[in-house]
There are 4 protein chains.
Amino acid sequence: MPRRRASDPRKTPLQARSRDTYDAVLEATARILETKGLEAANTNAIAERAGLSVGSLYQYFPGKTAIFAELIRRNDAATAEGLAALVAATAGQDLASRLRALVQAAVARQFARPRLARILDYLEATLGADEALDAADERIVGSVEALLHAHAGELARPPTTVVARDMLWIAKGMIDGASLAGESDGAAVEPRVVRALLGYLGVEEDAGRGGGAIRPGGRRRARTGPPRP
Amino acid sequence: MPRRRASDPRKTPLQARSRDTYDAVLEATARILETKGLEAANTNAIAERAGLSVGSLYQYFPGKTAIFAELIRRNDAATAEGLAALVAATAGQDLASRLRALVQAAVARQFARPRLARILDYLEATLGADEALDAADERIVGSVEALLHAHAGELARPPTTVVARDMLWIAKGMIDGASLAGESDGAAVEPRVVRALLGYLGVEEDAGRGGGAIRPGGRRRARTGPPRP
Amino acid sequence: MPRRRASDPRKTPLQARSRDTYDAVLEATARILETKGLEAANTNAIAERAGLSVGSLYQYFPGKTAIFAELIRRNDAATAEGLAALVAATAGQDLASRLRALVQAAVARQFARPRLARILDYLEATLGADEALDAADERIVGSVEALLHAHAGELARPPTTVVARDMLWIAKGMIDGASLAGESDGAAVEPRVVRALLGYLGVEEDAGRGGGAIRPGGRRRARTGPPRP
Amino acid sequence: MPRRRASDPRKTPLQARSRDTYDAVLEATARILETKGLEAANTNAIAERAGLSVGSLYQYFPGKTAIFAELIRRNDAATAEGLAALVAATAGQDLASRLRALVQAAVARQFARPRLARILDYLEATLGADEALDAADERIVGSVEALLHAHAGELARPPTTVVARDMLWIAKGMIDGASLAGESDGAAVEPRVVRALLGYLGVEEDAGRGGGAIRPGGRRRARTGPPRP
DNA sequence: AATGAATGAGTCTTCATTCAT
DNA sequence: TATGAATGAAGACTCATTCAT
C-alpha cells in the first residue's frame with residue numbers, strides 16, 4: 001500500500017468509456033474482495049479482472065488504496081442515499097413500520113455481500129480519515145435523526161444525534177452477528193432488530209404487527225461466533 | 001487429546017523463561033497491532049519488539065498466523081472467563097444491575113485497546129475456523145444465556161441462545177460505535193447499552209436507578225463515524 | 001493438450017524479446033551450475049547473471065524448480081533429438097561405425113560441461129517425475145533400440161529395450177568416469193566405449209579399424225576418482 | 001554449508017561411548033539421506049535422529065560437511081575393503097566366476113540403499129577433494145587391476161589401470177541404470193553386467209554358465225529413466 | 001560433556017508502481 | 001491512451017553454528 005493520500009481519482013472521468021472502465025475497476029475489486037478476500041486483491045488481479053492492464057488502472061486511480069477508498073465512498077454514499085430515500089418514502093407511516101423498512105433494507109444489503117461489507121468496514125477503520133466519508137456518515141445519522149424528530153412525541157426520550165447513532169450501531173451489530181453466526185434467513189433477523197430498536201427508544205411495539213416469538217436463525221456455521229464485547 | 005493444530009505453539013513452553021518469551025512475543029504483537037496496525041505486524045518487527053531474533057520467534061510459533069491465532073484465542077478465553085466470573089459474582093442481584101456489571105466490563109475492555117480489538121475481530125473472521133475459538137464463543141453465549149435463565153420470570157420472552165447472542169452483538173455494536181465515534185468516556189456509553197439490552201428484553205428499567213437523560217458522548221473526532229447498516 | 005504443469009513456464013514466450021529473456025535465464029542458470037554449483041544457483045544470482053531483476057525472473061518462471069526442470073527438459077530433448085538424427089544420418093553404415101558416431105557425440109557433450117551434466121542428473125533424480133522427461137527418455141532408448149534392430153542379424157542376442165538401456169548406461173558410466181578421473185582427451189575415451197558396447201553385444205570389433213592398445217587417459221586429477229560399485 | 005575444510009572429525013573418539021555416538025550421527029545422517037533426501041538432512045534433524053543435541057553433534061563433527069565427508073569416506077573404505085577381500089577370497093577361480101562374485105556384491109550394495117548411494121555420489125563430486133577418498137579409490141582400482149593381472153593370459157589386452165577403472169564404471173553405470181529404471185530384481189542385472197565386463201575385456205563367456213537370454217528387468221517405474229549420454 | 005535456546009544471514013517469492021513502446 | 005515488462009524493496013521462513021548454563 002502506498003503512502004500516498006487515499007484521495008480522489010486521478011482524473012474525473014468525463015467520457016462514458018472512461019466512466020465504464022472506472023466502474024469496472026471498482027466492481028472487479030469488490031468481486032475479488034468478496035470471493036477471495038483482502039489478500040487476493042492486488043493490483044494485477046484487479047486489473048486482469050477488470051479487463052485492462054495495470055498501466056491503465058493507474059491512469060484511473062493513483063494507487064491501490066484509492067480504489068478501496070472509492071469503493072468505500074460509494075458504498076457509504078449509496079447507503080446514505082438509500083436511507084434518506086427510505087425515510088422520505090415512508091413519511092406519514094408509524095415509527096415501527098418505518099424502522100421495519102429501514103432494517104429490511106439494511107439486512108438485505110448485508111446479507112447480499114457479507115464478506116465484502118466486513119472487509120470494507122475493516123478498511124474504512126484502517127485507512128486514514130476522509131472528508132467524503134465523514135460527510136456520508138453525517139447524512140446517514142442525519143436521516144435517522146430526522147426520522148426520530150418526526151416521531152418525537154412517541155419517544156420516551158429526546159431524539160439526539162447520539163441516539164440515532166446508537167440505533168445504527170445496534171442494527172449493524174445484530175445484523176453482522178446474525179450473518180457471522182450463519183443465519184441465512186434475513187426475514188428472521190429483521191423483527192429482532194426492530195424490536196431492539198424500539199426497545200432502546202422505549203417505544204411499545206405495535207401490538208398487532210409481527211410480534212411473534214423470536215425465531216431461531218439458521219444453525220451457526222463453523223466460523224466466527226458471537227462477539228466478545 | 002486434540003489433534004495438533006497448525007496454529008499450535010511449536011513447543012509447549014514449560015520453563016518459566018520460555019513462557020516469558022512466548023508471552024513477550026504475544027504482547028509485542030498486540031502492541032504493534034494496536035499502534036501500527038496489521039500491515040506493520042511482520043515477523044521481523046514482532047521479533048525486534050519482543051527483544052529476540054526472528055529465528056527464536058520461530059522456535060515458539062510455527063508461523064505468523066499462529067501468533068495471531070494465539071492472541072485471539074487468549075483474548076476470547078479471557079473474555080469468556082471474565083464473563084462467567086461476573087455472572088457468578090453477581091448472582092442474586094437484579095437483572096439490570098447484573099447487566100450493568102457486564103456492560104461495564106465490556107466497555108472497559110474495548111476502550112482500553114480499541115484498535116487491537118478491531119483488528120483481532122477482523123483476523124478472527126479472516127483466519128480459518130478453530131475449535132478453541134468456537135468453544136470460547138459458546139461459553140460466552142452460554143454465560144449470557146444462563147443469566148437470562150436466572151431471570152426468566154422477569155422477561156417478556158423466553159431466554160434462548162439467539163436472544164443471548166443478539167444481546168452480545170447489540171452491546172458490541174454500540175460500544176464499537178461509540179469508540180469509533182471518538183467517545184472517550186466509557187461511563188457515558190454504559191447506561192445506553194444497558195438501556196438497549198433491557199429494551200430488547202422488554203424489561204422496564206429499574207425506575208430509581210440511573211434513569212436520566214441520554215448524555216451526549218465526547219465530541220466526534222474525524223475518524224470513522226456511524227455504521228452503514 | 002497436456003494439463004498445465006507446475007513446472008511450465010509462466011507464460012509462453014511468443015515475442016522474440018521474451019524468448020531471449022527466457023533463454024537468458026536458462027543459460028545463466030546453466031552457467032552458474034557449471035561454475036559455482038547447485039548451492040550457488042539461487043534466484044538472485046540467476047537473475048543478476050541473466051541481467052534482469054528477480055521480479056522479472058518470476059514473470060518467466062513460476063519458481064526456481066521450474067527453471068531447473070526446463071533446463072533438464074531441454075537437455076534431454078536435445079539429446080533425444082541428436083541421437084535420433086545421428087541414427088538416421090548413419091543409416092546404411094556398419095554397426096561399429098554407427099556406434100562410434102553416437103559415442104563421439106556423447107563424449108563431446110559430456111566433456112563440454114561435465115559439472116553441469118552431473119548436476120542436472122542429480123536434479124532429475126531429485127525432482128519429481130515429469131511426462132516430458134519420460135517421453136525424451138523413451139525416444140532415447142528407442143533410437144538405440146532401432147539401431148540394434150537394423151543390425152539384428154549381426155548380434156549374438158536379440159535386440160531388446162533392456163539391451164538398449166544397458167548400452168546407454170555403459171556409455172554414460174564410462175564417460176562420466178573418464179571425465180571425473182580427469183581425462184581431458186575425449187578421443188582417448190571414445191574407442192574404449194565403443195569396444196565395451198560391441199563387447200556387450202557380442203560383436204567382433206571391425207578388425208581394420210581403431211583396434212590399437214588402450215591409451216591411458218590424462219593424469220587423474222585430485223577430484224573424485226573411480227566409482228565404488 | 002560451512003566454508004570450513006571438509007576435514008577430519010574434531011577429535012578422535014577413543015572411548016567406546018564416544019565412538020557409539022559418533023557412529024550414531026553417521027547412521028542417522030545416512031538414514032535421513034536415504035528416506036528424506038539431501039534437503040532434509042540438516043543438523044537439527046540429524047542430531048534429533050541420532051538422539052543427541054545439536055551442541056553435542058558439534059563436539060564430534062566440525063560441521064555438517066564433515067559428517068557427509070566421513071559418511072563418504074566410510075562408504076568408500078568399506079567398498080575398498082570388501083572388494084579386496086572378495087578378490088582375495090576368490091583367488092584361484094576363473095575370471096568369470098570372480099567377476100560374478102564382485103558384481104553380485106556391487107549389485108547387492110546398490111540395491112540395498114539406492115537413494116543413499118546416489119546422494120553420496122553427488123556429494124562426493126560436489127565436496128572438495130580429499131586424500132582419504134583418493135586413497136580408497138586407488139585401493140578399489142588396485143583390487144580390480146590385481147584381479148586382471150592374475151588373469152592376464154586370458155585377456156585380449158594388457159591389464160591397465162584404465163581398463164580397471166573402465167570396468168568399475170561400466171558396472172556402476174549399469175547397476176545405477178537398472179536401479180533407476182525400477183528394476184528390483186538384482187539377480188536379473190548381475191549376468192548382464194558380467195557379460196558387459198567380459199565383453200569389454202574380449203573374453204569369451206564361460207559357455208556352460210548363465211549364458212541364457214537377457215531377461216527383461218522389472219517394468220520401468222515413473223522416475224528417472226535411461227541416461228542421456 | 002551435554003544441552004538447546006538464540007542468532008541472523010540468506011533464501012524464495014510477491015506485488016505496488018513505473019515507464020518505454 | 002493503453003500496454004505489460006521490468007523493478008526491487010520487503011516479507012516469511014530456514015538452518016548452520018555458537019555459547020551460556
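Each chain gets a letter, A, B and so on, in the order the sequences are listed, and its residues count up from 1.
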Gap between atoms CD1 and P, on C/Ile67 and E/dT11 respectively (whole Å): 14 Å

side-chain N/O A/Thr43 vs E/dA16 OP1/OP2, d < 4.0 Å: yes

First encountered from the 5' end of DNA chain E, between B/Gly51 and D/Gly51: D/Gly51

Results of side chain to side chain donor-acceptor pair (under 3.5 Å) for B/Ser56 - residues two or more places apart only: B/Ser53

Inter-residue atom distance B/Asp130.CG - B/Ile72.CD1, 0.5 Å rounding: 8.5 Å

Distance test, side-chain N/O of A/Gln59 to OP1/OP2 of F/dA2, below 4.0 Å: yes

Closest to the A/Val54 side chain, choosing from F/dA2, E/dG8, E/dT18: E/dT18

Carboxylate-amine/guanidinium proximity below 4.0 Å for C/Asp23 and C/Arg74: yes

Nearest-angstrom distance from the residue atom OH of B/Tyr22 to P of E/dA5: 15 Å

B/Asn44 CG - E/dA9 C1' separation (whole Å): 12 Å

Under-4.0 Å side-chain N/O to phosphate OP1/OP2 contact, A/Tyr58 with F/dG4: no

Residue met sooner reading DNA chain F from 5', once D/Glu39 and B/Ala41 are mapped to nucleotides: B/Ala41

From C/Leu52 atom CG to C/Tyr60 atom OH, the distance as rounded to the nearest 0.5 Å: 7.5 Å

Phosphate-side-chain proximity, C/Ser53 and F/dT7, N/O vs OP1/OP2 below 4.0 Å: yes

Presence of C/Asn42 side-chain N/O under 4.0 Å of E/dT11 phosphate oxygens OP1/OP2: yes

Residues which pass side-chain contact (heavy atoms from CB on, under 4.5 Å) with B/Ala30, listed by chain and number, not counting sequence neighbours: B/Glu27, B/Leu71, B/Arg113, B/Leu116

DNA chain E base-pair string [pairs: Watson-Crick or G-U under 3.5 Å; |: paired with another strand]: .||||||||||||||||||||

CD (B/Glu34) with more than 12 external heavy atoms under 6.0 Å: yes

Separation of F/dA12 P from B/Tyr60 OH (nearest whole Å): 20 Å

Nearest-nucleotide comparison on DNA chain F, the residue closer to the 5′ end among C/Leu57 and B/Lys64: C/Leu57

Side-chain N,O (D/Ser56) to OP1/OP2 (E/dA1) below 4.0 Å: no

Separation of F/dC15 C1' from D/Phe68 CZ (nearest whole Å): 12 Å

For atom CG of B/Leu38 and atom C1' of F/dG11, their distance in whole Å: 13 Å

Donor-acceptor contact present, side-chain C/Arg49 to main-chain C/Ile32, <3.5 Å: no

Length of the CG-P vector between C/Asp20 and F/dA6, whole Å: 11 Å

